[in-house]
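Following: one structure in structure tokens, then a few remarks.
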Amino acid sequence: MNYAEDIRAKTQASRHDYAHMLFNIQRIQDFIKNKASDGHCQLRIFQSHPHELKDEIATQALLQWLDENGFHYSWEETFIQADKLRPRTYGKYHELVINW
């Protein structure tokens, strides 16, 4: 394995771990219950790291659970800003929004 392959593997492992933490089904169940008890009917999963996580195993498991339990969801575009003082948008990724 050369250096670039090693870096790609570390990047993928980091994204895998992040998706596992972010899209943990029990954690999302708790968030949904809390939002619903406050009268809300939507939950947006805000990401602190701008990664595309749609294809991660943890993400797919959560989407399957949402489907099985009658929730609706969508992926909303989120724009990345380089600096709040210079708000030039230079990229985008998607965040999961769950509705009930």
Side-chain angles (χ1 to χ4, degrees):
M1 179 181 296
N2 65 32
Y3 185 68
E5 290 170 339
D6 183 49
I7 293 301
R8 280 191 288 274
K10 287 181 183 196
T11 298
Q12 187 58 37
S14 175
R15 289 180 182 195
H16 173 80
D17 292 345
Y18 184 56
H20 181 73
M21 181 277 304
L22 193 65
F23 297 122
N24 176 283
I25 293 172
Q26 183 60 50
R27 182 175 175 263
I28 298 302
Q29 286 177 335
D30 293 342
F31 284 151
I32 289 171
K33 285 179 190 174
N34 289 338
K35 289 292 237 175
S37 66
D38 288 339
H40 298 283
C41 59
Q42 183 181 76
L43 171 67
R44 184 178 189 123
I45 311 300
F46 291 100
Q47 296 177 207
S48 58
H49 304 293
H51 304 311
E52 283 292 347
L53 300 173
K54 291 181 184 179
D55 296 327
E56 292 293 329
I57 294 169
T59 308
Q60 293 303 311
L62 174 62
L63 297 181
Q64 181 179 349
W65 180 85
L66 292 170
D67 287 336
E68 290 171 355
N69 287 279
F71 289 94
H72 303 283
Y73 58 87
S74 62
W75 291 95
E76 300 292 328
E77 271 189 347
T78 303
F79 293 93
I80 303 167
Q81 291 187 347
D83 186 328
K84 291 186 180 191
L85 298 175
R86 294 179 295 266
R88 180 181 67 87
T89 301
Y90 68 91
K92 59 186 172 187
Y93 63 101
H94 294 87
E95 290 183 331
L96 181 63
V97 178
I98 302 168
N99 299 286
W100 56 90

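The list of salt bridge (charged side-chain N to carboxylate O under 4.0 Å, His left out) pairs with a residue in residues 13-39, not counting sequence neighbours, is empty. Within the structure, the ring pair (Phe, Tyr, Trp, His ring centres under 6.0 Å) test picks out the following pairs touching residues 8-36 (sequence neighbours left out): Tyr18-His49. For residues 59-80, the set of pairs meeting the salt bridge (charged side-chain N to carboxylate O under 4.0 Å, His left out) definition, not counting sequence neighbours, comprises Glu77-Lys92. Pairs engaging residues 41-59 under the salt bridge (charged side-chain N to carboxylate O under 4.0 Å, His left out) rule: Arg44-Glu95 [sequence neighbours left out].
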Applying side-chain contact (heavy atoms from CB on, under 4.5 Å) to Asn34 and Leu43, what does each step give before you reach the verdict?
CA-CA 10 Å; Asn34 289 338; Leu43 171 67; over 6 Å; no

Are Leu96 and Leu53 close enough, and set up right, to give a side-chain contact (heavy atoms from CB on, under 4.5 Å), and what steps lead you there?
CA-CA 9 Å; Leu96 181 63; Leu53 300 173; over 6 Å; no

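The side chain to side chain donor-acceptor pair (under 3.5 Å) check on Glu5 picks up nothing, with sequence neighbours excluded. For Ala4, the side-chain contact (heavy atoms from CB on, under 4.5 Å) partners at least two apart in sequence or on another chain are Asn2, Arg8. Remark: Phe71 pairs with Trp65 by the ring pair (Phe, Tyr, Trp, His ring centres under 6.0 Å) rule, at least two apart or across chains. Every residue was checked against the ring pair (Phe, Tyr, Trp, His ring centres under 6.0 Å) condition with Trp100, not counting sequence neighbours, and none meets it. Remark: Asn69 pairs with no residue by the side chain to side chain donor-acceptor pair (under 3.5 Å) rule, at least two apart or across chains.
Atom NE2 of His94 sits about 10.5 Å away from atom CD of Gln47, to the nearest 0.5 Å. One distance of note links CD1 of Ile32 with NE2 of His40; it measures 13.5 Å at 0.5 Å rounding.
For Ala19 against Ala58, the heavy-atom pair with the smallest separation is O-CB, 3.7 Å.
In the hydrophobic clustering, where aliphatic and aromatic side chains (Ile, Leu, Val, Met, Phe, Trp, Tyr) are joined below 4.5 Å either directly or transitively, Tyr3 groups with Ile7.
Residue Ile25 places its CD1 atom among more than 12 non-hydrogen atoms of other residues, nucleotides or ligands, all under 6.0 Å distant.
Of the listed residues (Thr59, Leu22, Leu62), just one forms a side-chain contact (heavy atoms from CB on, under 4.5 Å) with Ile45, and that residue is Leu22.
Under the 4.5 Å side-chain heavy-atom criterion for ILVMFWY residues, no single connected hydrophobic cluster contains both Tyr93 and Met21.
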